[in-house]
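Beneath this line is the structure, given in structure tokens, with notes to follow.
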Amino acid sequence: MKKTFTKTFTQRVRDVVRKIPKGKVLSYKEVAKKAGSPNASQAVGSIMSKNYDKTIPCHRVIRSDGKAGRYNRGGIRVKRGLLISEGYYFK
DNA sequence: TAGTTGACCGGAA
DNA sequence: ATTCCGGCCAACT
């Protein structure tokens with residue numbers, strides 16, 4: 001029997017993103033889905049924008065159309081550089 | 001309680 | 001390819 005969600009959506013999103021392995025990326029939509037709200041991709045982005053925890057690889061979260069999206073720790077250019085250096089090929 | 005905001009998504013022009 | 005618009009959802013005020 002599954003436990004009811006006690007934590008906020010924010011906490012679950014952070015847990016999901018923290019588990020993303022190196023060299024892999026998830027779209028905001030995928031993260032939202034794993035966090036329990038398939039259509040809350042907008043909320044996921046909003047959450048990440050306020051999250052400054054370096055234990056969370058927020059640069060591994062990209063847009064579902066294959067573009068990078070935004071980044072609060074250096075800019076989208078840095079974000080793409082990080083992903084490429086981790087083995088992810090960008091469009 | 002209601003209104004505003006925003007690292008999005010997908011389709012249309 | 002780029003811009004615009006409506007929809008969706010959680011957090012904040």
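In what follows, chains carry the letters A, B, and so on, assigned in the order in which the sequence lines appear, proteins first and then strands, with residues in each chain numbered from 1. Keep in mind that the numbers below use all heavy atoms, side chains included, and drop hydrogens, waters and symmetry copies.
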In whole Å, I'd like the distance from the [atom1] atom of [X] to the [atom2] atom of [N].
X: A/Glu30; N: B/dC8; atom1: CD; atom2: C1'; answer: 13 Å
X: A/Phe9; N: C/dC12; atom1: CZ; atom2: P; answer: 13 Å
X: A/Ile56; N: B/dA7; atom1: CD1; atom2: P; answer: 17 Å
X: A/Tyr52; N: B/dA7; atom1: OH; atom2: P; answer: 10 Å
X: A/Arg12; N: C/dA10; atom1: CZ; atom2: P; answer: 8 Å
X: A/Lys67; N: C/dT3; atom1: NZ; atom2: P; answer: 11 Å
X: A/Ile47; N: B/dG6; atom1: CD1; atom2: C1'; answer: 11 Å

Is there side-chain contact between [X] and [Y], with heavy atoms separated by less than 4.5 Å?
X: A/Val31; Y: A/Met48; value: no
X: A/Lys34; Y: A/Leu26; value: yes
X: A/Leu82; Y: A/Tyr88; value: no
X: A/Glu86; Y: A/Arg60; value: yes
X: A/Val16; Y: A/Val13; value: no

Do A/Lys67 side-chain atoms and A/Lys91 backbone N/O form a donor-acceptor pair below 3.5 Å?
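No; zero donor-acceptor contacts below 3.5 Å.
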Is a donor on one side and an acceptor on the other found under 3.5 Å between the side chain of A/Lys79 and the backbone of A/Ala68?
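Checking the backbone N and O of A/Ala68 against the side chain of A/Lys79, a donor-acceptor pair under 3.5 Å is found.
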Output one line per pair: protein atom, nucleotide atom from nucleotides 9-13 of chain B, and distance, for all N/O pairs under 3.5 Å.
from	atom 1	to	atom 2	distance (Å)
B/dC9	OP1	A/Ser64	N	2.8
B/dC9	OP1	A/Ser64	OG	2.9
B/dC9	OP2	A/Ser64	N	3.4
B/dC9	O3'	A/Lys29	NZ	3.2
B/dG10	OP1	A/Lys29	NZ	2.0
B/dG10	OP2	A/Ser64	OG	2.9

Answer with base, sugar-phosphate or nothing: what part of the nucleic acid does A/Ala43 contact at a heavy-atom distance below 4.0 Å?
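The answer is base, as A/Ala43 lies within the cut-off (heavy atoms under 4.0 Å) of a base atom.
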Might you confirm whether atom CZ of A/Arg12 has over 12 heavy atoms from other residues, nucleotides or ligands at distances under 6.0 Å?
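Enclosed: over 12 neighbouring heavy atoms sit under 6.0 Å from CZ of A/Arg12.
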Got a sec: does the CZ of A/Arg70 have more than 12 other heavy atoms crowding it under 6.0 Å?
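Counting other residues, nucleotides and ligands, CZ of A/Arg70 stays at 12 neighbours or fewer.
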Between A/Ala40 and A/Lys50, name the one whose nearest nucleotide on DNA chain C is closer to the 5' end.
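Its nearest nucleotide lies further toward 5', so the answer is A/Ala40.
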Kindly say if A/Ser46 contacts the phosphate of C/dA11, meaning a side-chain N or O under 4.0 Å from OP1 or OP2.
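Negative; the distance criterion is not met.
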Closer than 4.0 Å, any side-chain N/O of A/Thr8 to the OP1 or OP2 of C/dA11?
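A/Thr8 to C/dA11 OP1/OP2: side-chain N or O found under 4.0 Å.
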By a strict heavy-atom criterion of less than 4.0 Å, which residues belonging to residues 70-81 of chain A are in contact with DNA chain B?
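The stretch gives A/Arg70, A/Tyr71, A/Asn72, A/Lys79 as the residues lying under 4.0 Å from the strand, ordered by number.
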